[in-house]
J.: 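The structure that follows is given in the form of structure tokens.
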Amino acid sequence: MTSRPATLPRAAVLPAALAVLAAAAVRASIVPEQFDEFAPYGILFIAIAATQAGYAVGILARPSRILAWTGVAGSLALVLLWLVATNASLPFSPTPWQPRPMTAPDVACVLLEVLAAVLLGVAALQRPRRVRWLSPVLALAVAASLPLSGLGFAAVASGMPVEVNTSSAIPGRPATEMASLVEPSGPQPVRRFTLVAEARQVAGATAWTYNGVVPGPELRVVQGDRVHVTLVNHLPVATTIHWHGIAVPNAEDGVAGVTQDAVPPGASAVYDFVVRDPGTYWYHSHQDTADQLPLGLYGPLVVLPAGAPAAGRDYPLVIHQAVGGSGGLAVNGAAAPRLDAAPGEPVRLRIISAVPGAEDGAPEQLVLLGAPYVVAALDGHDLHGPQALEAERLPLEIGQRIDLVFTMPARGAVRLVDANGDESLTIGSGGAPAAPALDGLPQLDLTRYGTPAPDPLLGRAAFDVTFPLVLGNQPGFREGTFEEIHTINGSAAPYGPMFMVRPGQAVRLHIVNRTDESHPIHLHGHVMTLLDRDGRPFEGSPIHQDTVLVGRQQTVDVAFLADNPGLWMLHCHVLMHAATGMSAMLVYENVRTPYSMGTRSGNAPE
Ligand code: C2O
Ligand code: CU
């Protein structure tokens, strides 16, 4: 026995081979995604997985010291390769000098390889008769390799789906086609715009812009106009434009994978719709929104009331993250801008929040100082009989708009400050009022602001249909990573709930927030009327919003009239919440779309 060349302890070789095999399997299962990203990665992954599988078989069949040391070196080389790729970049890469994101399958492979290297090293150093000393270590190693490969496979299984279609039609039967849900031709005056989506240097940083500016150009139109926008895509990726808050015909909604395919680089698309409701709106990309919007793809859209001559100053103000990553906020691209207004002049501020939002979704808290003012409109819709207010905190979530109207005082300036930070904006000349202790200020209570007015959805005894929306969050696997997932009724997009309605129905949404985060819930294509919050009815002016703030652990009831057939998104507008699953669909019966989300089309609306 002792005369034979020393064989390696099986107790170490066996788990090592299993770990290498598990790493090969996990890697093999993500080959398609690698091909989608960059073909050479796919080839590299196949080569590595095949080598690993061959190696595992080899060391089991003919264990030898030299083979064991080769395994140690090979495994460590793979770990090194991954460290370089995630921290710097590989010399060959589709995006030069951009580190590879750290994903769960990669991490599982690397941990399995570290494990294999240790076991193989121990095996190579060990003589057979000392195996007994090894057994607890080996038991531990085997125990560790199981959850590790499980982690890898769970992550792989949670990958982005190949194809998800949101049609509500029965396959093979006639249905309303997406292509038919367009604006009928009419006599409206046509307003034409071209928005070129392109990467540009803005304030010393690369931004993704419309027409070279962040925010994008102001589109100012008049109620009843026909708006005709050509989107030209000069970005390196596909994109769309969504007309947030405007009840456009479904096919004009700009949602990648639902109402259209994302427009590829070099191509263009046309949006055509009539603006029937005056007010403050905005537009933004709805492809890969969580990435594209913060890079600068958003802008204001103002619809002036027909036949009402403009009086005084009218300023759309987009609040957004400053370009260049200082972390601070900006208003219309400037850190602390000053706007013109003369004493006695009426001023309307149309404030739009494009701030992607904190992780907990907490809204911005705006405070207007220096003049009494009214909240004239929310999300573009006028309030009835709004009372003049003193300094109060006005919460504003991403996606929401608030119009403040006031008259410039006889002397001094007016200031708008954000109680979450020290951003501010000054209107008029002269000394600006000092900010009081913002924390102590009351918050505007919308349940009793303004005066009541008749409303088709308020004071209704019954609704045709009520949908509960339970908002939740929990850790879990999603798109190859382990992270906090956001759910509606327990499921995460693109497998979120589909709420089915028929034209003419009065629909109630009973939104229950079971999280310690705030969620601005946005419904495309419709306007919601707020009914009650935590059981307390809205008793002031009727409130009409397309983006409703549901505070932590709050319950909010809203209603809307199903008057715009199609397939509509219903999602939290905090970009990271939507991107991690908090997105559902409102679908009218029997509507079919040819577009799908997923890796096959590359459409990813969140
Ligand atoms: Cu402002 Cu679905 O978006
Ligand atoms: Cu949210």
Side-chain angles (χ1 to χ4, degrees), residues 166 215-216 239-248 250 252-260 262 280-294 297-301 318-320 352-363 379-380 395-401 469-474 483-489 492-494 496 511-528 545-554 556 566-586 597 603-606:
T166 54
T239 192
T240 69
I241 303 182
H242 166 60
W243 312 98
H244 181 122
I246 306 229
V248 297
N250 197 210
E252 309 298 331
D253 202 35
V255 177
V258 179
T259 65
Q260 67 173 95
T280 306
Y281 303 94
W282 65 308
Y283 58 92
H284 61 77
S285 162
H286 222 310
Q287 157 73 358
D288 205 359
T289 317
D291 290 322
Q292 294 196 1
L293 193 153
L297 295 175
Y298 48 82
L301 169 52
V318 183
I319 304 183
H320 60 102
I352 302 162
S353 173
V355 182
E359 219 165 293
D360 66 356
D379 287 3
L396 192 69
E397 280 278 11
I398 178 168
Q400 295 187 314
R401 289 86 65 210
L469 270 77
V470 179
L471 312 178
N473 58 353
Q474 74 202 53
E483 61 187 358
E484 170 130 286
I485 291 178
H486 286 84
T487 59
I488 299 179
N489 297 350
I511 311 170
V512 181
N513 181 357
R514 293 252 168 84
T515 74
D516 287 321
E517 304 167 329
S518 300
H519 302 292
I521 298 299
H522 173 47
L523 173 60
H524 286 213
H526 299 75
V527 185
M528 300 175 277
Q545 290 187 299
D546 52 69
T547 308
V548 175
L549 169 56
V550 186
R552 40 200 304 193
Q553 306 290 349
Q554 265 181 2
V556 176
L567 308 170
W568 301 100
M569 280 184 92
L570 172 60
H571 63 90
C572 175
H573 217 296
V574 173
L575 304 178
M576 276 328 289
H577 296 178
T580 53
M582 195 172 275
S583 185
M585 293 293 301
L586 172 80
M597 305 177 258
N603 292 321
E606 280 95 13

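Numbering of ligands and ligand atoms starts at 1, following listing order. Atom set for the values below is all heavy atoms of this structure, side chains included, hydrogens, waters and symmetry mates excluded. Nothing fancy with the numbering, it's 1 onward along the sequence. Everything numeric here is computed off the predicted structure, so don't read it as measured data.
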J.: When you compare the side chain of His244 with that of Thr547, does any pair of heavy atoms fall below 4.5 Å?
T.: yes
J.: Assign the ring pair Trp282 / His573 to parallel, tilted or perpendicular, where the plane angle (0 to 90°) is split at 30° and 60°.
T.: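 Ring orientation of Trp282 relative to His573: tilted.
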J.: Between the side chains of Gln292 and Thr239, does any donor sit under 3.5 Å from an acceptor?
T.: yes
J.: Closest heavy-atom contact between Asp546 and His526?
T.: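 In this case the closest contact between Asp546 and His526 is CB-O, 4.0 Å.
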J.: So which of the N, O or S atoms of His519 lies nearest the Cu ion (ligand 2)?
T.: ND1
J.: What do you get for the angle at atom 1 (Cu) of ligand 1 between ND1 on His244 and NE2 on His573, to the nearest 10 degrees?
T.: 100°
J.: Which word best sums up how the rings of His486 and His519 line up, parallel for under 30°, tilted for 30 to 60°, or perpendicular for over 60°?
T.: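 Ring orientation of His486 relative to His519: perpendicular.
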J.: Tell me, with the steps shown, if Val318 and Tyr298 meet side chain to side chain contact (heavy atoms under 4.5 Å, CB included).
T.: CA-CA 9 Å; Val318 183; Tyr298 48 82; 4.1 Å; yes
J.: Tell me which N, O or S atom from His577 is the closest to the Cu ion (ligand 2).
T.: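 Output for this pair reads ND1.
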J.: Can you tell me if, anywhere in His522, an N/O/S atom lies at a distance from atom 2 (Cu) of ligand 1 that is smaller than 2.8 Å?
T.: no
J.: State whether Cys572 contributes an N/O/S atom found under 2.8 Å from the Cu ion (ligand 2).
T.: yes
J.: Please note down the angle at atom 2 (Cu) of ligand 1 between NE2 of His571 and NE2 of His524, to the nearest 10°.
T.: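 Seen from atom 2 (Cu) of ligand 1, NE2 and NE2 are separated by roughly 110°.
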J.: Among the N, O or S atoms that His286 has, which is closest to atom 2 (Cu) of ligand 1?
T.: NE2
